[in-house]
K.L.:
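I am attaching a structure below and will ask some questions about it afterwards.
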Protein chains: 2
Amino acid sequence: MTQQADFNVLTETCPSRTSLSRIANKWTAMVVIVLGAGRMRFGDLRAAVQGISPKVLTGTLRDLERDGLVARYAYAEIPPRVEYELTALGHTLHTPLHALGRWAEENIPEVLAAREAYDTLR
Amino acid sequence: MTQQADFNVLTETCPSRTSLSRIANKWTAMVVIVLGAGRMRFGDLRAAVQGISPKVLTGTLRDLERDGLVARYAYAEIPPRVEYELTALGHTLHTPLHALGRWAEENIPEVLAAREAYDTLR
DNA sequence: CAGTATCCTATATGATACTG
DNA sequence: CAGTATCATATAGGATACTG
């Protein structure tokens, strides 16, 4: 029985909860995982994270930038070039998120089997 | 430069992505973290995960049960008693999610500082 | 006690077209 | 190229009353 009392994330008033909620959206984890590979341009990110719309990618990157997890480098060129990169803090988040991505991939067969079993029952 | 090509989660067609999306909601991570402490009743879960409504808790638990991550034990008593517990598969998910919760708590000062810096600039 | 049923609001997501 | 602007939909979340 591990103790949970020290987990402030569970407390409504704790700001760390907002941080966990930020990660908890459909795209953040994927963007951070991709950026783990290194500095990347907007268009490359868009291609890597399949199905993300430019609007959503922009919003996701802005949020990550605001939280100090991603740095944005804009070059005054024509055509414009903008690159994104994980900050040191962002790298510390990449580790657990990468682990989560791995989990999803490794265990998807069991999850799918469980879903099928559940759905055929009810 | 780590390789990302082997990350199917990024692929639109890969079902592992739905699995990652399931985890990526405001409540799932918290419920799994709490259940890491052991078998627990509905009411206790509700108290532990502060601010969750009964509707949302029920939905979260159903989804987790369907994915084979949580087992539900209902006792035919009056008043009724229902307990929830992580399955073996659920425990393997608990590990990375617990790490994520820890990350949120440990790094919230930096995140808050980054937000403040960002917001005062623009 | 452990949910369901309802109703309502907020936010996320999507599809595109457009511009510096 | 790297976004913005717009509009429309979907889904999540929240409050609360009710029931086996």
Side-chain angles (χ1 to χ4, degrees), chain A residues 9-13 17-32 34-35 39-67 70-85 118 122, chain B residues 9-13 17-32 34-35 39-67 70-85 118 122:
Chain A
V9 160
L10 304 173
T11 312
E12 268 186 293
T13 50
R17 193 171 190 163
T18 70
S19 187
L20 188 62
S21 299
R22 154 91 3 107
I23 302 160
N25 82 61
K26 192 176 175 182
W27 301 109
T28 303
M30 283 187 275
V31 169
V32 171
V34 166
L35 280 177
R39 193 189 274 228
M40 209 173 293
R41 298 184 63 163
F42 185 88
D44 294 330
L45 269 169
R46 195 179 161 186
V49 182
Q50 286 186 23
I52 196 168
S53 72
K55 191 190 84 173
V56 170
L57 179 55
T58 300
T60 303
L61 288 168
R62 286 273 180 290
D63 289 342
L64 287 169
E65 191 190 354
R66 187 169 99 100
D67 282 5
V70 161
R72 179 177 183 275
Y73 304 95
Y75 299 90
E77 302 171 358
I78 294 185
R81 179 170 113 249
V82 180
E83 298 179 344
Y84 293 91
E85 185 181 38
Y118 184 95
R122 4 243 140 166
Chain B
V9 159
L10 304 173
T11 312
E12 268 186 294
T13 50
R17 192 172 192 164
T18 72
S19 187
L20 188 62
S21 299
R22 156 88 8 103
I23 301 160
N25 81 60
K26 192 174 173 182
W27 300 110
T28 303
M30 283 188 275
V31 169
V32 171
V34 167
L35 280 176
R39 193 189 275 229
M40 209 173 292
R41 297 185 64 164
F42 184 89
D44 295 330
L45 269 169
R46 195 179 161 185
V49 183
Q50 286 185 25
I52 195 168
S53 72
K55 189 190 86 171
V56 171
L57 180 54
T58 301
T60 304
L61 288 168
R62 285 271 179 292
D63 288 343
L64 288 170
E65 191 191 353
R66 188 169 99 100
D67 283 4
V70 161
R72 180 178 182 274
Y73 303 96
Y75 299 91
E77 302 171 358
I78 295 185
R81 179 165 58 99
V82 180
E83 298 179 345
Y84 293 90
E85 186 180 36
Y118 184 96
R122 3 245 141 166

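A, B, ... follow the sequence lines: proteins, then strands. Residue 1 opens every chain. All values derive from a computational prediction rather than experimental measurement.
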K.L.:
Base, sugar-phosphate, or nothing: which does B/Tyr84 touch, judged by heavy atoms less than 4.0 Å apart?
P.N.:
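Result for B/Tyr84 = sugar-phosphate.
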
K.L.:
Kindly say if B/Trp27 contacts the phosphate of D/dT11, meaning a side-chain N or O under 4.0 Å from OP1 or OP2.
P.N.:
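No, B/Trp27 has no side-chain N/O under 4.0 Å of OP1/OP2 on D/dT11.
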
K.L.:
Just how far, in rounded Å, is P of D/dA5 from CG of A/Leu57?
P.N.:
16 Å

K.L.:
Expressed in angstrom and rounded to an integer, what is the separation of B/Leu61 atom CG from D/dA12 atom C1'?
P.N.:
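Between C1' of D/dA12 and CG of B/Leu61: 16 Å.
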
K.L.:
Treating a pair as Watson-Crick (purine N1 to pyrimidine N3 plus N6-O4 or O6-N4) or G-U wobble (N1-O2 and O6-N3) with both distances under 3.5 Å, list the stems of 3 or more consecutive pairs that involve DNA chain D.
P.N.:
C:1-20 with D:1-20

K.L.:
Give a yes/no answer on whether the side chain of B/Arg22 brings an N or O atom under 4.0 Å of OP1 or OP2 in D/dA12.
P.N.:
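No, outside the criterion.
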
K.L.:
With the sugar-phosphate defined as primed atoms, P, OP1 and OP2, and the base as all remaining atoms, what B/S/- string results for nucleotides 15-20 of chain D, 5' to 3', for protein heavy atoms under 4.0 Å?
P.N.:
BB---B

K.L.:
Between A/Gln50 and A/Ala47, what is the shortest heavy-atom contact and its length?
P.N.:
CG-O, 3.9 Å

K.L.:
How long is the span from the CG atom in B/Leu61 to the OH atom in B/Tyr84, to the nearest 0.5 Å?
P.N.:
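Rounded to the nearest 0.5 Å, the CG-OH separation comes out at 5.0 Å.
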
K.L.:
Check the phosphate of C/dA2 against B/Arg62, side-chain N and O only, distance under 4.0 Å to OP1 or OP2. Yes or no?
P.N.:
no

K.L.:
Quick check on D/dG14: is either OP1 or OP2 less than 4.0 Å from any side-chain nitrogen or oxygen of B/Lys26?
P.N.:
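Indeed, a polar side-chain atom of B/Lys26 lies that close.
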
K.L.:
First locate atom CG of A/Asp67, then atom CD1 of A/Ile23, and finally report the distance between them rounded to the nearest 0.5 Å.
P.N.:
8.5 Å

K.L.:
Search all heavy atoms of A/Ser21 against all heavy atoms of B/Lys26 and return the closest pair with its distance.
P.N.:
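Heavy atoms of A/Ser21 and B/Lys26 come nearest at OG-CG, 3.7 Å.
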
K.L.:
Measure from CD on B/Glu65 to C1' on C/dA2 and round the result to the nearest Å.
P.N.:
14 Å

K.L.:
Can you tell me how far C1' of D/dG3 sits from CD of A/Glu77, to the nearest Å?
P.N.:
16 Å

K.L.:
Provide the closest heavy-atom pair for A/Ala48 versus A/Val34 in the form atom of the first, atom of the second, distance.
P.N.:
CB-CG1, 3.8 Å

K.L.:
Would you kindly compare B/Thr60 and A/Phe42 by the position of their nearest DNA chain D nucleotide and give the one closer to the 5′ end?
P.N.:
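Of the two residues, A/Phe42 wins.
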
K.L.:
Verify side chain to side chain contact (heavy atoms under 4.5 Å, CB included) between A/Leu57 and A/Trp27, making sure each step is shown before the conclusion.
P.N.:
CA-CA 8 Å; A/Leu57 179 55; A/Trp27 301 109; over 6 Å; no

K.L.:
Determine: side-chain N/O of B/Arg41 to OP1/OP2 of C/dC1, distance under 4.0 Å, yes or no.
P.N.:
no

K.L.:
Output the rounded distance in Å from OH (B/Tyr73) to P (C/dA2).
P.N.:
16 Å

K.L.:
Any idea which heavy atoms bring B/Arg46 and B/Pro54 closest together, and the distance?
P.N.:
NH2-CD, 3.5 Å

K.L.:
Between CZ of A/Arg72 and CG of A/Leu64, what distance do you get to the nearest 0.5 Å?
P.N.:
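One finds 13.5 Å between CZ of A/Arg72 and CG of A/Leu64.
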
